[in-house]
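Scroll down for the structure; my scribbles are underneath it.
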Amino acid sequence: SALETILVDERSMSNLSILRADCGVGKTQVLLELLHQLNNICIAFPTHRLAQEAYERYKALGSGVTYFLWPDRPRLPKQLQEELAVADKLGVTATKDIYERATECEEVIADSTWASQIENYLTAYTDVHKQSRVFCTHEKAVRLIQAKNGLLHTFVFDEDPMKSLFTIDAIKLTDVESVIKRLISSKNCSKPVVNALQSVVDAEKDLLVIPDDIPYAGIDMAQIVKESGVSSPVHHLLDCTGYIKPSFGPTENPSDVYCITQRPLPDRNKYVILSATPILPLYEKAYGDRLQFIDTPPVELKGQLYLHRERSYSKSCIQALGKDFVSGVEELVEEFGLDGIITHKEFTSESDSGRVVKGSKGNIPVSSTFGATEGFNNASGKNLGVIGTHHVPEYAIKLLGHAVGVNMNGISFEFASRTVRRHEFEVSLGCLSEDEFVQALEFSLVERELVQAVGRARLLDNEVVVRLFSNYVVGGGELWRDLG
């Protein structure tokens with residue numbers, strides 16, 4: 001297989017390979033069956049749940065070769081759990097300190113099982129850097145790369161780790177102003193830092209800004225942010241790749257500023273990305289000749305995919321429909337015999353029977369929501385409706401393009417319907433720009449959510465029907481109107 005050639009035979013001359021394979025073809029299983037032959041390798045998954053599941057599947061193979069699973073965080077006493085949540089929100093490193101303090105809490109000491117879980121987690125926190133075979137999340141794999149772990153030479157990402165490699169933070173301008181006041185009142189006030197943050201407050205809207213390198217040695221900005229009582233990671237503005245203040249958006253707060261930080265993949269290691277939906281425009285721009293792209297042949301589906309393009313069902317479209325959206329979904333479920341749907345999380349709610357469409361009389365089951373579908377298998381073998389177009393905000397497109405070296409300020413942006421060629425279709429789609437790169441990036445990001453959602457029914461193995469209700473199209477589908 002292509003994966004075996006890259007990992008075992010080591011015939012690949014590239015140190016960054018992207019292997020695209022359809023959802024459900026068994027790429028994870030192929031990887032697991034190769035692992036006993038490998039060393040100095042980290043296998044990474046989008047979530048702890050998926051890492052744990054894959055680790056258990058690997059152990060069940062009985063190869064005799066041991067891998068280390070970097071465990072999920074155990075629960076903490078309430079006060080420390082809240083402190084950890086704040087630290088995470090602020091982007092402040094505090095995990096180890098908080099868990100060490102937890103070992104001294106009376107309620108933890110009184111519960112031997114709980115105490116053991118925390119002690120084991122703290123041990124793993126250190127021991128992971130001594131391992132040559134590791135299972136973990138995307139985020140932790142990126143941290144291991146940044147830590148320059150000499151024992152790990154190859155990093156395999158199951159699914160695209162884009163969100164960990166290109167991190168976008170939303171920061172409140174009121175928080176920026178609070179940090180400025182805190183700096184001015186401190187004994188070690190740094191005028192360059194104050195001026196840099198003031199530039200953010202004064203920045204022109206919709207203009208992507210590249211911050212200057214600000215020397216702030218001797219100033220603990222993370223601590224300053226904590227002491228300022230804010231709720232967003234203001235200090236990231238000083239080290240980011242770029243930031244932007246959007247003038248408006250369908251769901252975004254116009255008082256926010258967004259910044260992006262790219263975490264590069266150094267060429268000292270080998271990297272493999274296995275995904276049905278890699279965001280190729282980003283990797284092609286970021287890594288150029290380093291990148292090797294392998295597209296596996298499409299596999300014939302047992303099930304069927306129909307494309308219903310009457311409405312976009314974007315968030316703004318659904319908001320405009322109001323109550324008609326719920327009644328419309330109820331009609332679709334009844335007409336097409338759908339077992340469940342996947343849609344935007346904002347239009348769903350939790351019930352005693354699980355997640356459902358918000359306001360639906362029959363409690364229409366929601367199998368999953370956009371942004372949370374990767375690796376989800378509970379909809380396998382079901383007749384599924386995917387309802388929605390998960391548009392990406394203009395500010396995110398600008399930040400991502402800038403992070404890979406594209407001059408986004410030189411490109412004209414105006415959301416409009418444009419006739420484009422996607423897969424085997426020529427269709428009219430709402431998109432942000434005429435620019436070729438912007439369109440390729442935007443379409444890849446939107447289609448990633450749709451393809452992952454459609455893939456939850458596992459059409460390769462099941463004779464079921466998935467219906468995509470969106471004005472976007474994905475490969476392998478049939479236009480419903482063309483079928484009469």
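Treat the numbers as computed from the prediction; the structure is a model and nothing was measured. For the numbers below, each heavy atom of this structure counts, side chains included, while hydrogens, waters and symmetry mates do not. Position 1 is the first residue of the sequence, and the numbers go up from there.
Between the side chain of K245 and the backbone N or O of V201, at least one donor-acceptor pair lies under 3.5 Å. For the pair K140 (side chain) and P71 (backbone), a donor-acceptor distance under 3.5 Å is present.
Considering only residues two or more places apart in sequence or on other chains, Y99 meets the ring-ring contact (aromatic ring centres under 6.0 Å, His included) condition with Y121. With sequence neighbours left out, H48 forms a ring-ring contact (aromatic ring centres under 6.0 Å, His included) with no residue at all. For E284, there are no salt bridge (Lys or Arg N to Asp or Glu O under 4.0 Å) partners at least two apart in sequence or on another chain. Every residue two or more places apart in sequence or in another chain was checked for a side chain to side chain donor-acceptor pair (under 3.5 Å) with T123, and none qualifies. Listed by chain and number, the residues in a ring-ring contact (aromatic ring centres under 6.0 Å, His included) with F443 are Y472 (sequence neighbours excluded). Every residue two or more places apart in sequence or in another chain that forms a side chain to side chain donor-acceptor pair (under 3.5 Å) with S314 is listed here: S312, S316. For E56, the side chain to side chain donor-acceptor pair (under 3.5 Å) criterion is met by Q52, not counting sequence neighbours. Partners of Y243 by ring-ring contact (aromatic ring centres under 6.0 Å, His included), not counting sequence neighbours: none found. When the salt bridge (Lys or Arg N to Asp or Glu O under 4.0 Å) test is applied to D88, the partners found at least two apart in sequence or on another chain are R73. Under the side chain to side chain donor-acceptor pair (under 3.5 Å) criterion, E434 pairs with R418, not counting sequence neighbours.
For the side-chain hydrogen bond (donor to acceptor under 3.5 Å, both in side chains) condition, the pairs that include at least one residue of residues 396-417, sequence neighbours left out, are E394-K398. Counting only residues at least two apart or in different chains, side-chain hydrogen bond (donor to acceptor under 3.5 Å, both in side chains) contacts with residues 441-454 comprise E159-Q452, T277-Q452, R422-E447, H423-E447, Q452-R456.
Using a 4.0 Å cut-off between a side-chain N of Lys or Arg and a carboxylate O of Asp or Glu, R182 and E177 do not qualify as a salt bridge.
Counted by atom type alone, N471 and R311 present zero donor-acceptor pairs between their side chains at under 3.5 Å. Side-chain polar atoms of Q223 and E227 form a donor-acceptor pair below 3.5 angstrom.
Remark: K270 fails to qualify as a cation-pi partner of F155 under the 6.0 Å distance and 45° angle criteria applied to the six-membered ring.
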